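Taking it in order: structure first as structure tokens, then the write-up.
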Amino acid sequence: MADKKTDTPVADIALQPYWDAAARGKLLIKHCPACGRNHYYPRPICPHCFGDKTEWLETSGEGTIYSWSVERRANPPYSIAYVTLPEGVSLLTSIVDCDFDALSVGQKVKLAFEQRDGQPTPVFRPA
């Protein structure tokens, strides 16, 4: 019998600090000292300059909605958004615990975590 395919992320040795921090309610991104740029999704090689000496950087937990959408036909409805962090990266995430009709581009949001498929997943709430 074939294994069931899942979308559950699997921690590997390179991302273990990310998952450990997420379990503590902290969001980590990567910083590249070679080019001075931050990147998300964290990976060992910098996508900007291909430097291989990236370092972990804890985010402030704050963000701003860059773009968002609501899927109202789902049960229950949900919102997804690109949130830009002060650290200069954007991530695709969910906006939770809010009035979907009150969301707006430029709105301040705060980091939270939800358990999804057994993994702590970063989401945001209106600030």
Side-chain angles (χ1 to χ4, degrees):
M1 181 175 206
D3 290 335
K4 179 183 172 210
K5 182 180 180 207
T6 111
D7 293 328
T8 303
V10 177
D12 65 26
I13 193 73
L15 293 179
Q16 194 61 51
Y18 175 86
W19 294 113
D20 291 345
R24 295 188 314 273
K26 305 291 183 186
L27 178 62
L28 298 182
I29 61 175
K30 282 289 197 138
H31 172 76
C32 178
C35 68
R37 295 178 71 183
N38 298 332
H39 61 271
Y40 184 89
Y41 189 79
R43 47 205 174 271
I45 304 295
C46 175
H48 306 291
C49 74
F50 305 110
D52 64 351
K53 305 283 191 257
T54 59
E55 303 168 344
W56 291 105
L57 175 66
E58 184 177 329
T59 65
S60 66
E62 300 173 349
T64 304
I65 296 175
Y66 173 79
S67 176
W68 62 276
S69 179
V70 175
E71 176 53 65
R72 295 183 189 277
R73 290 185 281 177
N75 188 14
Y78 62 91
S79 177
I80 61 170
Y82 277 103
V83 170
T84 302
L85 307 181
E87 294 80 12
V89 299
S90 295
L91 62 141
L92 183 62
T93 185
S94 296
I95 308 295
V96 299
D97 301 333
C98 64
D99 174 2
F100 296 141
D101 294 325
L103 295 176
S104 63
V105 170
Q107 183 175 355
K108 300 293 183 192
V109 290
K110 289 288 276 179
L111 175 67
F113 281 85
E114 289 186 350
Q115 288 291 322
R116 295 188 179 173
D117 294 326
Q119 293 285 347
T121 304
V123 297
F124 286 81
R125 295 184 170 99

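All of these numbers come straight from a predicted model, not from anything done at the bench.
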To the nearest 0.5 Å, atom CD1 of Ile45 lies from atom SG of Cys32 at 9.5 Å

Smallest heavy-atom separation, Pro126 atom then Asp97 atom, equals CD-O, 4.1 Å

Would you call Leu28 and Asp20 a side-chain contact if the rule is heavy atoms closer than 4.5 Å? no

message = Does any part of the side chain of His31, heavy atoms only, come nearer than 4.5 Å to the side chain of Pro33, both counted from C-beta?
response = yes

Would a 4.5 Å heavy-atom cut-off, applied to side chains only, mark Gln115 and Pro120 as touching? yes

>> Assigning hydrophobic clusters by single linkage (Ile, Leu, Val, Met, Phe, Trp, Tyr; side-chain heavy-atom cutoff under 4.5 Å), is Leu91 placed with Trp68?
In response: yes

One should read off an interatomic distance between Ile65 CD1 and Tyr82 OH, to the nearest 0.5 angstrom, of 14.5 Å

| field | Side chain proximity check, Gln119 to Asp117, heavy atoms < 4.5 angstrom | value | no

Any sub-3.5 Å donor-acceptor pair from Ser94's side-chain atoms to Tyr78's backbone N or O?
no

If we ignore hydrogens and angles and just use 3.5 Å, is the side chain of Ser79 paired with the main-chain N or O of Ser69 as donor and acceptor? yes

- Would a 4.5 Å heavy-atom cut-off, applied to side chains only, mark Leu111 and Pro122 as touching? yes

Residue set satisfying salt bridge (Lys or Arg N to Asp or Glu O under 4.0 Å) with Asp99, at least two apart, ordered chain then number -> none

Does atom OH of Tyr66 have more than 12 heavy-atom neighbours, drawn from other residues, nucleotides or ligands, at distances under 6.0 Å? no

So, does Thr59 use its side chain to make a donor-acceptor pair with the main chain of Leu27 at under 3.5 Å?
-> yes

inquiry  = With clusters defined by side-chain heavy atoms of hydrophobic residues (ILVMFWY) lying less than 4.5 Å apart, directly or transitively, does Val96 cluster with Leu92?
reply    = no

CZ of Arg37 to CD1 of Ile29, rounded to nearest 0.5 Å, is 12.0 Å

Gly106 backbone acceptor or donor facing Thr64 side chain under 3.5 Å
no

Between Arg116 (side chain) and Glu114 (backbone), is there a donor-acceptor pair under 3.5 Å? no

**Asked** Given side chains that start at C-beta, do those of Lys110 and Glu62 come closer than 4.5 Å, heavy atoms only?
**Response** yes

Ring geometry between His39 and His48 (parallel below 30°, tilted from 30 to 60°, perpendicular above 60°) | perpendicular

* To do: Report, as yes or no, whether the 6.0 Å neighbourhood of atom CZ on Phe113 holds more than 12 heavy atoms from other residues, nucleotides or ligands.
  => yes

**Prompt:** Do Glu87 and Ser60 have side-chain heavy atoms sitting under 4.5 Å apart?
**Reply:** yes

